[in-house]
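What follows is a single structure, written as structure tokens, with notes after it.
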Amino acid sequence: MRNREPFTRPGLSRLEIANLRAERATGLSTLDWQRASGPHMTRMLATGRFPALAKAVHDGTDVDAETSFATGLDWVLDAVAAKLTRP
């Protein structure tokens with residue numbers, strides 16, 4: 001139900017289109033879908049099998065598109081820099 005490219009400008013457009021299509025197909029808004037998925041997510045995180053996801057869910061905040069883009073770009077640039085400094 002979610003696009004895999006949320007940190008790119010075209011990805012943001014695709015994400016919005018995917019969300020609108022999902023809302024039309026299911027009759028659930030994003031907030032309603034999140035509420036409906038909450039119990040499953042809670043059970044999944046309680047297994048301890050997804051510690052990074054659990055941290056992101058518990059520590060995360062809802063950010064605007066510009067902040068999301070900047071964060072994603074920082075991650076990509078950090079990864080490129082790390083790759084370039086390896087022997």
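How far OG1 of T30 is from CD of Q34: 6.5 Å, rounded to the nearest 0.5 Å. Note that CG of L28 is 8.5 Å distant from CD of E23, once rounded to the nearest 0.5 Å.
Residues meeting the side-chain contact (heavy atoms from CB on, under 4.5 Å) test with T67, sequence neighbours left out: V63, D64, T71. D74 meets the side-chain contact (heavy atoms from CB on, under 4.5 Å) test with no other residue; sequence neighbours excluded. When the side-chain contact (heavy atoms from CB on, under 4.5 Å) test is applied to L84, the partners found at least two apart in sequence or on another chain are V80. Partners of D59 under the salt bridge (Lys or Arg N to Asp or Glu O under 4.0 Å) rule, at least two apart in sequence or in another chain, are K55.
L20 belongs to no multi-residue hydrophobic cluster, having no ILVMFWY side-chain contact under 4.5 Å with any other such residue. Think of I17 as one node in a network of Ile, Leu, Val, Met, Phe, Trp and Tyr side chains linked at under 4.5 Å; it has no links at all. Grouped by direct or indirect side-chain proximity (heavy atoms under 4.5 Å, Ile/Leu/Val/Met/Phe/Trp/Tyr only), V57 sits with M41, M44, L45, F50, L53.
Pairs passing the salt bridge (charged side-chain N to carboxylate O under 4.0 Å, His left out) check and including a residue from residues 39-52, sequence neighbours excluded, do not occur.
Between the side chain of T85 and the backbone N or O of A82 there is at least one donor-acceptor pair closer than 3.5 Å.
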